[in-house]
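One structure is given here, and the rest of the page talks about it.
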Amino acid sequence: MKPAEWPTYLLMIGVYTVFGASLYWVAPISVGFAFVGLIFAATLHSSLMHEVLHGHPTRWGWVNALLVFPSLSVLVPYLRFKDTHLAHHRDENLTDPYDDPESNFLDPKVWHARPYVWRKV
């Protein structure tokens with residue numbers, strides 16, 4: 001195991017710990033604080049899913065998938081995210097505002113048609 005991967009393992013442990021603690025210990029005391037912890041953990045878990053797709057922290061894809069498979073976000077299950085994200089990387093139209101499923105770019109005509117204040121935001 002490469003030493004550079006230890007931060008990824010520590011982040012995984014932290015994410016699942018914060019998620020579990022927010023559900024079981026914090027929620028009975030404060031739903032608001034629990035919600036913040038759950039959002040924090042789910043957001044970082046999404047980043048971990050992205051790292052796993054790109055071959056971290058191990059060289060074995062099935063091990064990486066097991067580490068993040070218990071999805072903390074019901075919005076995008078891991079296997080669906082894997083399919084769409086890898087399709088995004090195989091696309092010759094990477095960052096194309098119409099063809100890339102993950103692009104945040106806008107067509108220049110659409111962008112310039114937006115109100116000035118919106119473009120600044």
Side-chain angles (χ1 to χ4, degrees):
M1 178 182 331
K2 297 180 283 188
E5 299 296 344
W6 280 107
T8 305
Y9 288 115
L10 292 174
L11 184 59
M12 284 181 182
I13 291 167
V15 162
Y16 288 118
T17 300
V18 168
F19 189 83
S22 295
L23 281 178
Y24 295 107
W25 293 310
V26 179
I29 298 167
S30 170
V31 173
F33 282 127
F35 186 71
V36 170
L38 293 172
I39 295 297
F40 180 75
T43 301
L44 284 175
H45 188 266
S46 295
S47 294
L48 286 171
M49 287 184 356
H50 182 259
E51 290 304 309
V52 161
L53 291 175
H54 291 290
H56 300 280
T58 75
R59 64 184 132 184
W60 302 288
W62 66 273
V63 172
N64 293 341
L66 283 175
L67 291 171
V68 296
F69 192 79
S71 183
L72 303 185
S73 170
V74 295
L75 297 177
V76 183
Y78 172 71
L79 293 177
R80 177 68 179 141
F81 176 70
K82 179 181 178 182
D83 291 342
T84 60
H85 187 70
L86 293 179
H88 152 82
H89 280 286
R90 284 190 296 266
D91 190 354
E92 65 275 358
N93 295 318
L94 193 64
T95 71
D96 183 283
Y98 296 107
D99 293 329
D100 183 352
E102 293 189 7
S103 179
N104 288 320
F105 292 98
L106 292 174
D107 183 305
K109 290 179 185 174
V110 173
W111 175 251
H112 290 295
R114 301 268 177 160
Y116 175 80
V117 173
W118 180 254
R119 291 191 315 251
K120 291 302 175 188
V121 169

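Throughout, numbering of the chain's residues begins at 1 and tracks the sequence. Owing to the predicted nature of the structure, the values given are computational and were not obtained by experimental measurement.
- Among pairs with a residue in residues 19-28, none fulfils side-chain hydrogen bond (donor to acceptor under 3.5 Å, both in side chains), at least two apart in sequence or across chains.
- If you take CZ on R59 and CD on E5, they are separated by 11.0 Å, rounding to the nearest 0.5 Å.
- L10 belongs to no multi-residue hydrophobic cluster, having no ILVMFWY side-chain contact under 4.5 Å with any other such residue.
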Taking only distance into account, with no hydrogens and no angle test, what donor-acceptor pairs under 3.5 Å do side-chain atoms of residues 108-116 form with protein atoms, sequence neighbours excluded?
none

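- Applying the 6.0 Å contact sphere to CZ of R119 captures more than 12 heavy atoms from other residues, nucleotides or ligands.
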N/O donor-acceptor pairs under 3.5 Å from side chains in residues 12-21, not counting sequence neighbours:
unit_1: Y16; atom_1: OH; unit_2: H45; atom_2: NE2; d: 3.0
unit_1: Y16; atom_1: OH; unit_2: L67; atom_2: O; d: 2.9
unit_1: T17; atom_1: OG1; unit_2: I13; atom_2: O; d: 2.7

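- Rounded to the nearest 0.5 Å, atoms OG1 (T8) and CG (L48) are 7.0 Å apart.
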Donor-acceptor pairs under 3.5 angstrom involving side-chain atoms of residues 29-43: please list them, not counting sequence neighbours.
unit_1: S30; atom_1: OG; unit_2: F33; atom_2: N; d: 3.2
unit_1: T43; atom_1: OG1; unit_2: I39; atom_2: O; d: 2.8

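- Listed by chain and number, the residues in a side chain to side chain donor-acceptor pair (under 3.5 Å) with T58 are N64 (sequence neighbours excluded).
- Taken from OH in Y9 to NE2 in H56, the straight-line distance is 11.0 Å, to the nearest 0.5 Å.
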